[in-house]
Amino acid sequence: GQQLNQSPQSMFIQEGEDVSMNCTSSSIFNTWLWYKQDPGEGPVLLIALYKAGELTSNGRLTAQFGITRKDSFLNISASIPSDVGIYFCAGFPRQGAQKLVFGQGTRLTINP
Amino acid sequence: NAGVTQTPKFQVLKTGQSMTLQCAQDMNHEYMSWYRQDPGMGLRLIHYSVGAGITDQGEVPNGYNVSRSTTEDFPLRLLSAAPSQTSVYFCASSRSQGSNQPQHFGDGTRLSIL
């Protein structure tokens with residue numbers, strides 16, 4: 001089935017630094033979603049992208065839907081301690097749009 | 001503002017036991033789904049439902065059953081628990097099926113099979 005490759009798997013940064021992570025696939029996706037998961041909780045939706053080339057911001061977060069429809073990027077500017085967590089990309093493939101596919105996650109750790 | 005509610009939050013079972021994980025949503029969402037989350041593997045879809053009375057298999061359905069008798073509830077049943085089913089289980093819902101309907105997740109059930 002379709003798979004999403006998310007990188008990096010983990011990041012260790014200093015507070016105030018910018019963060020960038022990405023997700024790629026060998027097949028085309030209709031929709032890209034970015035979620036954040038805090039310990040002991042379920043994933044929470046951060047940004048949803050619906051069109052190729054779309055660039056969307058949510059506060060310090062910016063995500064883009066790649067023009068090839070096979071990738072997406074999430075950037076976090078000026079990181080703060082509450083940004084710590086696991087970030088997941090997810091997408092609905094062009095075929096089988098009922099089934100959401102997840103990346104493996106990027107674990108973000110911030111040193112104060 | 002309950003959203004998606006999962007119970008129990010934690011459970012320990014012995015191999016061979018059966019149990020039901022409960023999921024309820026109060027948003028009148030048509031689409032509901034179950035995922036399992038294992039280290040390094042993200043979330044994998046177990047079963048999903050596009051409306052009351054309709055269910056279908058996801059990526060990893062073996063060993064699990066579901067039913068959808070009401071719009072609000074979507075229980076997940078383990079018929080004979082196995083250690084490989086030790087995982088964190090998440091239920092999610094969205095207004096309808098389709099690629100423009102992001103899903104909202106519950107807080108998960110942490111299940112250990114001994």
Side-chain angles (χ1 to χ4, degrees), chain A residues 1-10 21 23-25 27-52 54 56 58 63 65 69 72 85-107, chain B residues 1-10 21 23 25 27 29-51 54-61 68 87-110:
Chain A
Q2 295 93 348
Q3 290 187 340
L4 294 180
N5 297 311
Q6 187 172 348
S7 65
Q9 289 187 341
S10 60
M21 59 190 79
C23 211
T24 61
S25 173
S27 55
I28 290 174
F29 276 68
N30 265 354
T31 299
W32 286 94
L33 308 171
W34 284 94
Y35 286 88
K36 178 175 184 270
Q37 185 178 28
D38 292 325
E41 299 183 8
V44 174
L45 182 66
L46 298 174
I47 293 178
L49 302 160
Y50 301 111
K51 296 180 181 179
E54 180 180 355
T56 297
N58 178 6
F65 192 140
R69 301 174 69 184
S72 180
I86 303 176
Y87 292 80
F88 290 98
C89 63
F92 285 102
R94 183 170 60 180
Q95 294 181 357
Q98 299 168 343
K99 302 180 181 181
L100 189 60
V101 179
F102 279 82
Q104 305 95 323
T106 295
R107 183 181 295 273
Chain B
N1 282 349
V4 179
T5 302
Q6 290 184 236
T7 56
K9 294 190 182 300
F10 303 93
L21 280 62
C23 176
Q25 51 89 12
M27 299 172 282
H29 282 175
E30 291 293 324
Y31 186 97
M32 296 184 74
S33 54
W34 276 101
Y35 296 84
R36 59 177 289 172
Q37 183 177 25
D38 301 296
M41 300 188 72
L43 283 81
R44 292 182 292 168
L45 182 64
I46 304 172
H47 286 284
Y48 66 97
S49 168
V50 300
I54 305 170
T55 63
D56 206 346
Q57 295 181 348
E59 180 185 359
V60 287
R68 185 90 180 272
S87 188
V88 182
Y89 292 85
F90 288 99
C91 179
S93 74
S94 61
R95 195 186 320 166
S96 64
Q97 69 185 69
S99 57
N100 63 342
Q101 299 292 334
Q103 297 184 27
H104 302 270
F105 286 82
D107 285 338
T109 294
R110 283 141 190 85

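Chain letters run A, B, ... following the sequence lines, proteins first, then strands; residues in each count from 1. Just so we're clear, the structure is a prediction, and the values are computed from it rather than from any experiment.
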So, taking the atom named CD in B/Q103 and the one named OH in A/Y35, what distance separates them when rounded to the nearest 0.5 Å? 5.5 Å
Return the set of residues passing side chain to side chain contact (heavy atoms under 4.5 Å, CB included) with B/D38 (not counting sequence neighbours), or none when no residue passes. B/R36, B/M41, B/R44, B/S87
Contacts of A/Q104 meeting side chain to side chain contact (heavy atoms under 4.5 Å, CB included) (sequence neighbours excluded), chain-then-number -> A/N5, A/Q6
Closest non-hydrogen atom pair between B/L43 and A/F102, with its separation: O-CB, 3.6 Å
Pairwise distance CG(A/L100) to OH(B/Y48) - rounded to 0.5 angstrom: 12.0 Å
Top contributor to chain B contacts, counting heavy-atom pairs under 4.5 Å, from A/G105, A/G42, A/G103, A/G91: A/G42
Under 4.5 Å from a heavy atom of chain A, the part of B/V50 involved: side chain
Do you know the tightest heavy-atom contact between A/F88 and B/G42? CE2-CA, 3.7 Å
Tell me the closest heavy-atom pair linking A/E41 and B/R110, and the distance in Å. N-NH2, 3.7 Å
